[in-house]
Visitor: 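The structure that follows is given in the form of structure tokens.
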Amino acid sequence: MNKVANKQVICSVLMDEAGRDRNIVVLCSDSRGSGSMTGFAEAFPEQFVEVGIAEQSLVSVSAGLARCGKKCFAVSPASFLSTRSMEQVKVDVAYSHTNVTLVGISGGISYGALGMTHHSTNDIATMASIPGLRVYLPSDRFQTECLIRALLRGGEPAYVRVGRNAVEDVYEEGNVPFEMDRATLVRGGDDVTLIAYGEMVRPAKDAAALLAEKGVSARVLDMYCVKPIDREAVLKAASETRGIVTVEEHTAFGGMGSMVSQIVAAEHPARVRSLTLPDSPVVTGTSKEVFDYYGLNAAGIAEAAEGVMPHG
Amino acid sequence: MVNLKEKAWQIREDVVTLIRKAGGGHIGGDLSETDILVALYYREMNCTPENVNDPLRDRFILSKGHSVEALYCILADKGYFPKQELFDTYSRYLSKFIGHPNNKVPGVEMNSGSLGHGLSLAVGMALAARMDGAPYRVYTVLGDGELAEGSVWEGVMAGANYGLDNLTALVDRNRLQISGGTEEVMKQDSQEERWAAFGWNTLSIPGNDVTAVCNAVELAKAAKGKPTVIIANTTKGCGVSFMENKAGWHHRLPTQEEYAQAMRELEEKRKSAL
């Protein structure tokens with residue numbers, strides 16, 4: 001198993017592309033180490049900007065550069081990027097429609113024991129609520145690479161959240177289904193649908209394997225495109241399977257589960273169970289320990305899946 | 001050659017008329033910043049409707065975005081869009097001419113309105129010019145009340161850190177904000193010393209003297225290795241006797257009688273500038 005952190009993949013892709021495209025610029029707020037961007041900063045000093053510990057400036061400077069033709073990647077811990085500079089994201093990036101990709105690194109509860117100040121468990125809600133801003137949470141190294149290359153081609157304002165830790169592969173080398181803004185079908189199934197993003201896709205995939213052992217056929221959707229969310233895939237799940245479980249590294253408020261429930265309730269009522277982090281600071285521990293504590297693991301997802309299907 | 005003094009009074013007449021027609025606007029700050037904008041748009045900046053998409057054009061950001069009426073009147077006067085369209089639709093239903101700079105309007109580089117963004121945006125633009133080896137210059141106008149926003153000082157730090165001598169910030173130092181005097185609300189004294197301490201080249205000028213603004217901008221262009229801030233000491237409501245130095249005129253609509261008197265005063269000043 002080749003375990004790589006998605007932020008390292010982002011750096012590799014940007015280094016690969018930056019050699020061909022002088023307009024690619026990476027900006028960091030004293031975050032080149034934590035964002036795995038040291039390699040980029042050293043290889044492309046002319047295309048790297050350090051703003052210091054100043055997240056508001058990070059976003060505005062990125063937008064100014066983008067307005068002058070640059071393709072900017074502003075890399076900063078997700079917690080600070082999604083809250084401290086939210087107004088700059090709203091006005092300078094989304095409203096002014098500048099070619100800025102906001103890369104929230106060490107997202108969710110990646111920082112484990114560092115506590116709530118460093119956790120981003122409300123960033124989907126805040127970022128997705130900004131008109132015109134796209135929100136992506138890729139699951140593994142293959143999908144991350146596909147996404148970053150697609151964002152470079154598209155030029156739309158976007159927020160990308162990735163975790164801090166190395167993650168297990170979801171896809172196989174040479175067989176990486178990817179279509180921009182369409183949920184990726186990780187596994188087909190007819191009884192229940194599991195919808196996850198980011199680091200929750202792998203346990204959802206493992207849950208489907210556990211369910212298969214019990215004779216339950218679970219569909220797994222990788223909803224890396226939280227906004228624009230793939231409505232069609234959600235509605236197909238609601239109509240073709242007996243229930244939906246959403247799994248996310250976020251609170252229940254304004255996350256992907258909320259969005260899925262909204263679509264289902266309005267267009268094809270079906271049972272939806274949302275697995276999330278709690279409405280409180282999370283317990284101390286590594287990511288795995290925290291996920292296990294809240295049942296955000298294969299066993300917890302499988303149990304929720306069995307519960308969401310109507311009896312009989 | 002445009003008579004800059006006359007142009008500044010003419011723009012003020014347009015501003016007062018536009019606000020009267022629209023039913024509201026940030027009249028006090030428009031009238032204080034007019035000479036700065038006139039100096040930039042009619043003398044210093046390489047910005048015309050013909051080069052609106054030219055990568056080498058100079059860039060301008062109105063960081064104190066609420067004083068948009070003066071900017072719109074200047075852009076209309078320069079021919080970026082029909083003046084009639086501005087006067088007929090400003091602030092009206094479905095208009096693109098909203099009450100803060102909107103980049104759907106030709107000539108407006110960035111949306112602004114919430115304070116404290118402009119300087120860091122300008123830093124980004126000036127960095128882009130340097131990366132591309134391009135000769136364009138970047139200007140931004142800030143309000144003095146706006147200097148209370150912490151994000152301004154993030155931009156001040158970055159501008160100095162990168163030694164951006166293609167960047168000039170101008171502070172419309174009119175000493176008033178919505179709630180009253182800047183020194184009562186949040187002290188903004190010693191601005192020259194503050195910016196200088198961060199590493200900026202600083203100038204302090206009478207800001208309602210368009211010639212002084214032009215001279216200061218020339219000095220800024222000559223300064224090498226650091227960005228320049230021009231503290232432009234202005235009068236809020238400049239040109240209209242009963243509006244001058246009155247915090248209440250931050251955002252107030254003149255009555256018909258007040259409008260008539262304001263226009264008489266401005267016309268007189270414009271004619272004396274000929």
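Just so it is clear: chains get the letters A, B, ... in the order the sequence lines come, proteins before strands, and each one is counted from 1.
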Visitor: Sort out for me which of A/V51, A/I53, A/V49, A/L27 touches chain B most, counting heavy-atom pairs under 4.5 Å.
Guide: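 That would be A/V49.
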
Visitor: Contact part of B/V138 toward chain A, heavy-atom cut-off under 4.5 Å: side chain, backbone, both or neither?
Guide: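 Neither part; nothing is under 4.5 Å.
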
Visitor: Given side chain to side chain contact (heavy atoms under 4.5 Å, CB included), test A/V61 with B/L121 step by step and report yes or no.
Guide: CA-CA 5 Å; A/V61 170; B/L121 289 170; over 6 Å; no

Visitor: Tell me every residue that passes side-chain contact (heavy atoms from CB on, under 4.5 Å) with B/L176, counting only those two or more places apart in sequence or in another chain.
Guide: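 With sequence neighbours excluded, B/L176 shows a side-chain contact (heavy atoms from CB on, under 4.5 Å) to B/N174, B/K236, B/A247, given in chain and number order.
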
Visitor: Given a strict heavy-atom distance threshold of 4.5 Å, which part of A/V25 is in contact with chain B: side chain, backbone, both, or neither?
Guide: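 Just its side chain gets close to chain B.
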
Visitor: Answer yes or no: are there more than 12 heavy-atom neighbours, outside B/K224 itself, under 6.0 Å from its atom NZ?
Guide: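 It does: B/K224 NZ has more than 12 such atoms within range.
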
Visitor: Which residues satisfy the salt bridge (Lys or Arg N to Asp or Glu O under 4.0 Å) test with B/D165, sequence neighbours excluded?
Guide: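 Here no residue qualifies.
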
Visitor: Counting distance alone, with no hydrogens or angles, which donor-acceptor pairs between chain B and chain A are under 3.5 Å?
Guide:
{"residue": "B/N103", "atom": "ND2", "partner": "A/S96", "partner atom": "O", "Å": "3.2"}
{"residue": "B/E109", "atom": "O", "partner": "A/R67", "partner atom": "NE", "Å": "3.1"}
{"residue": "B/E109", "atom": "OE1", "partner": "A/R67", "partner atom": "NE", "Å": "3.0"}
{"residue": "B/E109", "atom": "OE1", "partner": "A/R67", "partner atom": "NH2", "Å": "3.0"}
{"residue": "B/N111", "atom": "N", "partner": "A/S96", "partner atom": "OG", "Å": "3.0"}
{"residue": "B/N111", "atom": "ND2", "partner": "A/Y95", "partner atom": "O", "Å": "2.8"}
{"residue": "B/N111", "atom": "ND2", "partner": "A/S96", "partner atom": "OG", "Å": "3.3"}
{"residue": "B/S114", "atom": "OG", "partner": "A/E87", "partner atom": "OE1", "Å": "3.1"}
{"residue": "B/H117", "atom": "ND1", "partner": "A/D92", "partner atom": "OD1", "Å": "3.0"}
{"residue": "B/H117", "atom": "ND1", "partner": "A/D92", "partner atom": "OD2", "Å": "3.0"}
{"residue": "B/H117", "atom": "NE2", "partner": "A/E87", "partner atom": "OE1", "Å": "2.5"}
{"residue": "B/S120", "atom": "OG", "partner": "A/S57", "partner atom": "OG", "Å": "3.2"}
{"residue": "B/D132", "atom": "OD1", "partner": "A/K70", "partner atom": "NZ", "Å": "2.5"}
{"residue": "B/D132", "atom": "OD2", "partner": "A/K70", "partner atom": "NZ", "Å": "3.4"}
{"residue": "B/E154", "atom": "OE1", "partner": "A/Q56", "partner atom": "N", "Å": "3.4"}
{"residue": "B/E154", "atom": "OE1", "partner": "A/S57", "partner atom": "N", "Å": "2.6"}
{"residue": "B/Y162", "atom": "OH", "partner": "A/E50", "partner atom": "N", "Å": "3.0"}
{"residue": "B/Y162", "atom": "OH", "partner": "A/E50", "partner atom": "O", "Å": "2.6"}

Visitor: Which residues pass the side-chain contact (heavy atoms from CB on, under 4.5 Å) test with B/V52, sequence neighbours left out?
Guide: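 side-chain contact (heavy atoms from CB on, under 4.5 Å) list for B/V52, sorted by chain: B/Y80.
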
